Every structure is written in C-alpha cells, then in structure tokens.
Amino acid sequence: MGPDRRYEATHEQAREELELELVREVVLARRRLDNVVLAALTLGAELLEHDSERATAMRAAQILEQHAVDESDIARDPRGALNRDMMRDRRRAYRIGLAREAGHGDSEAEQRRRRQTALLREVRSDLLEVVRDCGRLSVDHVAFTDVIAQGLCAATDKLVIGADMETYRAWQRGMILKITEEPSPDGGPPRVMATVDAGPGRGLLTVEWDSQERRLALVARMARAGISPVIICDRLLADLSVSSPLRYSVR
C-alpha cells in the first residue's frame, strides 16, 4: 500500500470515527433530554404525596437514577441506537394520532420492504459488532479470519430468511441494464429499482436494489471467486451502509 492509499485509509477511518462520535452525541443528548422530561413528569405526579422538601429531594434523586441513560448501548452501535430511537418516536406519534401507524393500510409490498430494511440494518449492526470484537481481541491472522468468517456466516443466514430465491438467482446470474428511482407512497426515500437481464429463457426482470437478495448474490459471487472472508465482510458492510447507488444515502 503506497503513501496515498495509507493517507486515504487513515482519512476515511478518521471521518468514520468522527461521524460515529457525532451520532453518539446526538443520541445521548436526545435520550438525556427525553429521560429528564419523563423524570420531571413522574416527580410531578407524586408531589402531593411528599410531606417535606427532604422527601421530595430524595425521591427526585431516585427517579433521576432510574432514568439514567445506558451509554454502553449507544457506544456499541450509535447508528443502531439512533434508528431505534427514531422508531420509538414514530410509535409515540402513532399512539397520540400524529401519524398513521406503519402497516395500517400499507400494501403487502410496502410492509415487506419495511421488514427488509430493518433486517438489513440488523445485519449491518451484527457485522460491525463482530469487527469491533476482533479489534479488541489480540489474535493472530488465522484466528481473526475465522472469527470474521463465523460472523459473516451468521449474517448470511439472516439474509436468507424470507429471501425470494427467484430474485436471488436473477441477481446472481443476471446483468444490470438500467437503474431508476420510484417515489415512495409514504413520502419516504425513493425506491431504487434495477432492470436485470436474468439470462436465457428468463428475459428482463425489474427488482429492488436495496434488498437482501442482492446482498446474498454479492456474497455468493465473492465466495465462489475465493475471496477472503475479511474482504467479503468489508465489502458487504460498505454495501449495507448505502441504500442507493444513485445518491449518497448512509443507512
């Protein structure tokens, strides 16, 4: 690796660490504010039950301790923690009538897309955790590769669940002819669709780009080519982190 490549790798790692730190601070700030509000509401509901300032202060300290933020969960996977918080906020909005609940009135395709997006985020989080564990362990190259291979196998097993094998085979054998975007019915990010030449006798198929089937085909092609599990894991993580090839969209 030449000086330029080393500089680029170092720069990219620094940018990733800075981005994760920013996400971590955002989640911490959101959770601390949320928990302080909940603690205040809890204490306010109990004020009439306390007969002295001392009793009120002691109870306030207990409530604040109960609502302390678990920072280890955020440090382990900042992006995953932010995604969980956003899903929780949406559920709260649904409960008080500010938004329509996901799945109510949605088509079967939209519900499947939502489940698939959650699965892809989960797989990405799992792989990141495996990589972090390897970084904390003092192991030789062979052991490191074995751990990565096990994590990659577990991630692949998850991707297989619910995958459409016809779509998988289209990605595995086909050639991409065109990539387009379709607006999302709920006003969210557009769907990226790919027109694939699935081979003789199968014609052209239009399939979704941000899918578990395409990731499975990607892993299968690299494995057949004899590529190291470490490189496959790195490539899969990069692919899982971006939901569209047409725009910069970090998951």
Side-chain angles (χ1 to χ4, degrees), residues 16 18-42 66-132 151 154-164 181-192 208-216 236-244 247-251:
E16 174 72 10
L18 179 62
E19 183 178 303
L20 287 175
E21 180 65 17
L22 177 61
V23 174
R24 189 184 72 85
E25 291 298 329
V26 168
V27 176
L28 273 175
R30 283 169 51 89
R31 291 193 180 183
R32 284 169 177 164
L33 178 60
D34 202 21
N35 286 7
V36 166
V37 172
L38 290 174
L41 291 173
T42 302
Q66 292 170 359
H67 287 82
V69 175
D70 180 8
E71 297 189 18
S72 61
D73 172 55
I74 302 172
R76 185 168 54 251
D77 184 9
R79 291 194 182 96
L82 181 59
N83 286 330
R84 288 191 292 274
D85 284 2
M86 293 174 66
M87 291 176 65
R88 180 202 62 199
D89 291 346
R90 284 195 289 269
R91 286 194 295 268
R92 286 178 177 173
Y94 301 144
R95 284 199 299 269
I96 63 177
L98 293 179
R100 180 171 59 87
E101 188 169 1
H104 286 193
D106 288 345
S107 67
E108 183 178 344
E110 285 300 315
Q111 293 181 39
R112 183 180 187 278
R113 185 189 182 204
R114 189 172 289 108
R115 290 193 300 268
Q116 181 164 252
T117 299
L119 172 65
L120 295 176
R121 286 173 173 163
E122 180 180 339
V123 169
R124 179 181 181 276
S125 178
D126 290 347
L127 287 175
L128 284 173
E129 186 63 23
V130 170
V131 172
R132 292 192 190 98
T156 304
D157 287 344
K158 283 191 175 182
L159 289 174
V160 169
I161 299 174
D164 180 76
E181 286 188 341
E182 295 181 357
S184 177
D186 59 2
R191 297 178 65 189
V192 180
E208 189 163 2
W209 173 273
D210 189 26
S211 64
Q212 62 201 86
E213 291 86 2
R214 185 177 66 80
R215 272 61 179 231
L216 278 172
L236 181 58
L237 267 174
D239 194 288
L240 286 167
S241 299
V242 180
S243 61
S244 169
R247 62 183 69 219
Y248 183 72
S249 53
V250 175
R251 189 180 299 286

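All values derive from a computational prediction rather than experimental measurement.
Between Arg214 and Asp239, some side-chain heavy-atom pair lies under the 4.5 Å cut-off. The side-chain heavy atoms of Ile74 and Val69, taken from C-beta on, include a pair separated by under 4.5 Å. Leu159 has its side chain within reach of Leu216: a pair of non-hydrogen atoms, C-beta onward, lies under 4.5 Å apart.
Put simply, the side chain of Gln116 gets close to the backbone of Gln212: a donor and an acceptor are under 3.5 Å apart. Between the side chain of Arg79 and the backbone N or O of Arg121, no donor-acceptor pair lies under 3.5 Å.
Residues Ala155 and Leu127 approach most closely at CB-CD2, 3.8 Å, considering heavy atoms. Nearest heavy-atom pair across Val242 and Ser244 is CG1-O, 3.2 Å. Considering all non-hydrogen atoms of both residues, Arg215 and Leu236 come closest at CG-CD1, 3.7 Å. Looking at every heavy atom in both residues, Arg76 comes nearest to Arg132 through O-NH1, 2.5 Å.
The distance from the CG atom of Asp77 to the CD atom of Glu122 is 11.0 Å, given to the nearest 0.5 Å. Between Leu119 atom CG and Arg112 atom CZ the span is 9.5 Å, to the nearest 0.5 Å.
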For residues 27-36, dump all side-chain donor-acceptor pairs below 3.5 Å to protein atoms at least two apart in sequence or in another chain.
residue: Arg30; atom: NH2; partner: Asp89; partner atom: OD2; Å: 2.3
residue: Arg31; atom: NE; partner: Asp85; partner atom: OD1; Å: 3.1
residue: Arg31; atom: NE; partner: Asp85; partner atom: OD2; Å: 2.9
residue: Arg31; atom: NH1; partner: Asp73; partner atom: OD2; Å: 3.3
residue: Arg31; atom: NH2; partner: Asp85; partner atom: OD1; Å: 3.0
residue: Arg32; atom: NH2; partner: Glu71; partner atom: OE2; Å: 2.9
residue: Asp34; atom: OD1; partner: Arg92; partner atom: NH1; Å: 3.3
residue: Asp34; atom: OD2; partner: Arg88; partner atom: NH2; Å: 3.3
residue: Asp34; atom: OD2; partner: Arg92; partner atom: NH1; Å: 2.9
residue: Asp34; atom: OD2; partner: Arg92; partner atom: NH2; Å: 3.3
residue: Asn35; atom: ND2; partner: His67; partner atom: O; Å: 2.6

